[in-house]
Amino acid sequence: MIQVIDLVKKFDQTVVLRHVSADFHDGKVNMIIGHSGSGKTVLMKTMIGLHTFEEGKIIYDLTYPHPTRKDVNDMNENEIQMLHREVGMLFQGSALFDSMTVLENVLFPLEMFSQMSKEERTERAMFCLRRVNMPEHALSLMPAKISGGMQKRVAIARAIVLQPKYLFCDEPNSGLDPKTSLVIDQLIHEITEEYQICTIVNSHDMNSIMEIGDNIIFLKNGEKKWQGSNKEIFHADNEDLDDFVFASNLFKKVKATNQ
Amino acid sequence: MIIKLASGVGQYLYLLKRVFRWPDRWRMFMRQFIAELDKQALQSLPIVFIISIFIGAIITIQGKTNTENPLLPAYTTGLLTRETLLLEFSSTILCLILAGKVGSNIASEIGTMRITEQIDAMEIMGVNSANYLILPKILALVLMMPFIVIISDAIGLLGGYGVAVLTDIITKEDYLYGIQYAFNPYYVTFGIVKSVVFAFIITSMSSFYGYHVRGGALEVGKASTTAVVNSSVTILLFDLILTKILL
Ligand SMILES: Nc1ncnc2c1ncn2[C@@H]1O[C@H](COP(=O)(O)OP(=O)(O)OP(=O)(O)O)[C@@H](O)[C@H]1O
Ligand SMILES: [Mg+2]
């Protein structure tokens with residue numbers, strides 16, 4: 001579980017996150033939603049420690065070196081590195097290493113951090129690649145040679161290869177067609193439940209929100225305006241949220257039939 | 001302007017502090033290191049060959065035409081070729097050329113990794129990306145530089161010899177006597193010391209400009225130009241300083 005308490009983040013003078021507090025649960029897909037520029041990516045990157053922040057706390061459950069709960073600000077560089085070993089991240093553009101093959105990309109974290117033998121590492125990497133349904137013949141290809149949907153799968157495999165406790169996904173659907181999006185969404189959902197990961201997804205795609213949003217955090221202009229599940233989202237009496245949710249005609253109809 | 005320069009130098013030193021750590025995994029470091037030896041040193045050899053042989057020949061020809069004076073001994077041209085190669089060309093000028101080739105390559109490679117979030121991906125895994133990406137590059141060129149300089153010295157002298165053999169501008173005997181006359185081995189050491197410093201400047205500065213790219217492909221292009229220009233200027237500055245100190 002991750003607890004964000006009263007988080008304030010500024011870039012120079014511009015305030016991007018205004019006193020955001022939210023909980024992110026294990027075994028759930030926690031979704032950060034909101035319009036473009038509302039601060040979703042900044043919140044995510046701040047939580048992982050890629051940005052410093054001005055005020056507030058971000059508290060993680062740590063297992064190494066011993067089980068504790070700790071604010072990122074109180075962690076030293078070593079502890080941050082330990083935390084990062086429990087975190088997997090799926091980037092908006094996949095961020096696969098373009099000088100390595102698909103298989104080498106997934107092997108990389110294992111080669112860096114695991115104590116496994118060469119056979120065990122290959123075994124584990126292959127297991128994860130099979131888990132995301134990568135076809136065998138694509139394993140020796142370079143990332144530039146495979147489709148965007150496949151790149152996303154490889155990135156997921158790479159993110160889960162070290163069995164992370166936390167999985168961050170920045171817009172996992174961007175640039176994918178609706179069908180591939182659905183497949184990736186379902187994959188993320190399955191993996192989250194299967195391994196009881198605390199998954200944080202940021203998205204502005206209503207289809208994925210309805211499909212996999214177990215715990216939804218709605219941001220507007222850097223402020224948290226609402227938190228709830230995808231079952232509650234249509235019944236929330238919240239003007240800002242309605243404005244976001246019903247921006248698409250399809251969901252306006254859903255609202256009409258509901259009433 | 002001065003504040004900007006100072007903060008730039010500060011950032012550069014901070015990056016170097018992250019670069020010079022023991023690698024997390026030696027196996028991974030060696031793999032990168034060997035790849036960099038190939039990419040930066042071996043793949044630079046063709047251009048080093050071509051330029052050195054031409055410059056050696058050209059210095060010999062020009063040296064001869066400019067010293068057409070009965071008072072100067074016949075070995076002057078050979079001597080001049082040797083001194084120019086050892087003192088300036090095979091260290092400074094060669095490094096300026098390598099700054100163009102190696103520097104732009106490094107800056108654009110690291111810059112692309114930055115803008116496509118590959119560096120963020122490494123950091124999130126808990127990898128020290130500065131150490132993993134930059135250290136092998138710096139060590140590879142710094143370590144290979146002495147050999148590159150010696151090769152360039154030798155090829156340059158050979159270029160001059162080619163002029164002696166193929167034309168009647170200068171006789172073989174005069175040239176060979178000239179390049180051995182009053183030989184000071186310290187000049188070779190001097191050239192090597194300088195070039196090692198330059199190799200460090202090229203690799204570390206280009207890595208710095210690549211590592212701090214913000215934006216898109218356009219900025220990567222700009223960063224690679226800045227890397228080449230600024231490392232060239234820095235090389236010339238250090239050439240002046242080192243010549244003052246060491247000669
Ligand atoms: N490195 C930065 N420096 C300065 N301002 C930034 C930086 N990163 C983001 N911002 C600003 O923070 C605000 C929120 O950006 P953010 O990227 O979090 O939006 P987002 O909700 O992820 O949008 P999108 O859906 O388009 O990805 C924007 O106004 C942006 O200009
Ligand atoms: Mg974003």
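In what follows, every chain begins at residue 1, and chains take the letters A, B, ... in the order their sequences are listed. Model, not experiment: these values are computed from the prediction.
- Ranked by heavy-atom pairs under 4.5 Å with chain B, the first of A/Leu50, A/Ile80, A/Val87, A/Ile48 is A/Leu50.
- Residue B/Leu13 qualifies as enclosed at atom CG: its count of foreign heavy atoms under 6.0 Å is above 12.
- For A/Glu123, the CD atom counts as loosely surrounded, since its 6.0 Å shell holds 12 or fewer non-hydrogen atoms of other residues, nucleotides or ligands.
- With rounding to the nearest 0.5 Å, the separation of CG in B/Asp120 from NZ in A/Lys45 is 5.0 Å.
- Annotation: side chain to side chain donor-acceptor pair (under 3.5 Å) contacts involving residues 26-36 of chain A, sequence neighbours excluded, comprise A/Asn30-A/Asn215.
- Distance check, rounded to the nearest 0.5 Å: CD of B/Gln118 to CZ of A/Phe91 gives 10.0 Å.
- A salt bridge between B/Arg31 and A/Glu104 is absent, with no side-chain N of the basic residue lying under 4.0 Å from a carboxylate O of the acidic one.
- A 6.0 Å sphere centred on NZ of B/Lys101 holds more than 12 heavy atoms belonging to other residues, nucleotides or ligands.
- For A/Phe113, the parts sitting under 4.5 Å from any heavy atom of chain B are the backbone and the side chain alike.
- Scanning both residues, B/Gly126 and A/Arg85, for their nearest heavy atoms gives O-NH2, 3.8 Å.
- The environment of CZ in B/Phe147 is sparse: at most 12 heavy-atom neighbours from other residues, nucleotides or ligands sit within 6.0 Å.
- Residue-environment remark: CH2 (B/Trp22) stays at or below the threshold of 12 foreign heavy atoms within 6.0 Å.
- Using a 4.5 Å cut-off on side-chain heavy atoms (C-beta onward), B/Tyr132 and A/Met112 make contact.
- In this structure, B/Lys39 places its NZ atom where more than 12 heavy-atom neighbours from other residues, nucleotides or ligands lie under 6.0 Å away.
- Rounded to the nearest 0.5 angstrom, B/Ile124 CD1 and A/His84 NE2 are separated by 6.0 Å.
- A/Leu96 contributes atom CG, which lies 11.5 Å from atom CD of B/Glu117 (distance to the nearest 0.5 angstrom).
- If you measure heavy-atom distances from B/Met125 to chain A, the contacts under 4.5 Å come from both the backbone and the side chain.
- Residue A/Ser99 holds its OG atom at 7.0 Å from CD of B/Gln32, rounded to the nearest 0.5 Å.
- At least one side-chain heavy atom of A/Glu111 sits less than 4.5 Å from a side-chain heavy atom of B/Arg27.
- Contacts with chain B were tallied for A/Pro164, A/Gly49, A/Ala95; A/Ala95 has the most, counting heavy-atom pairs under 4.5 Å.
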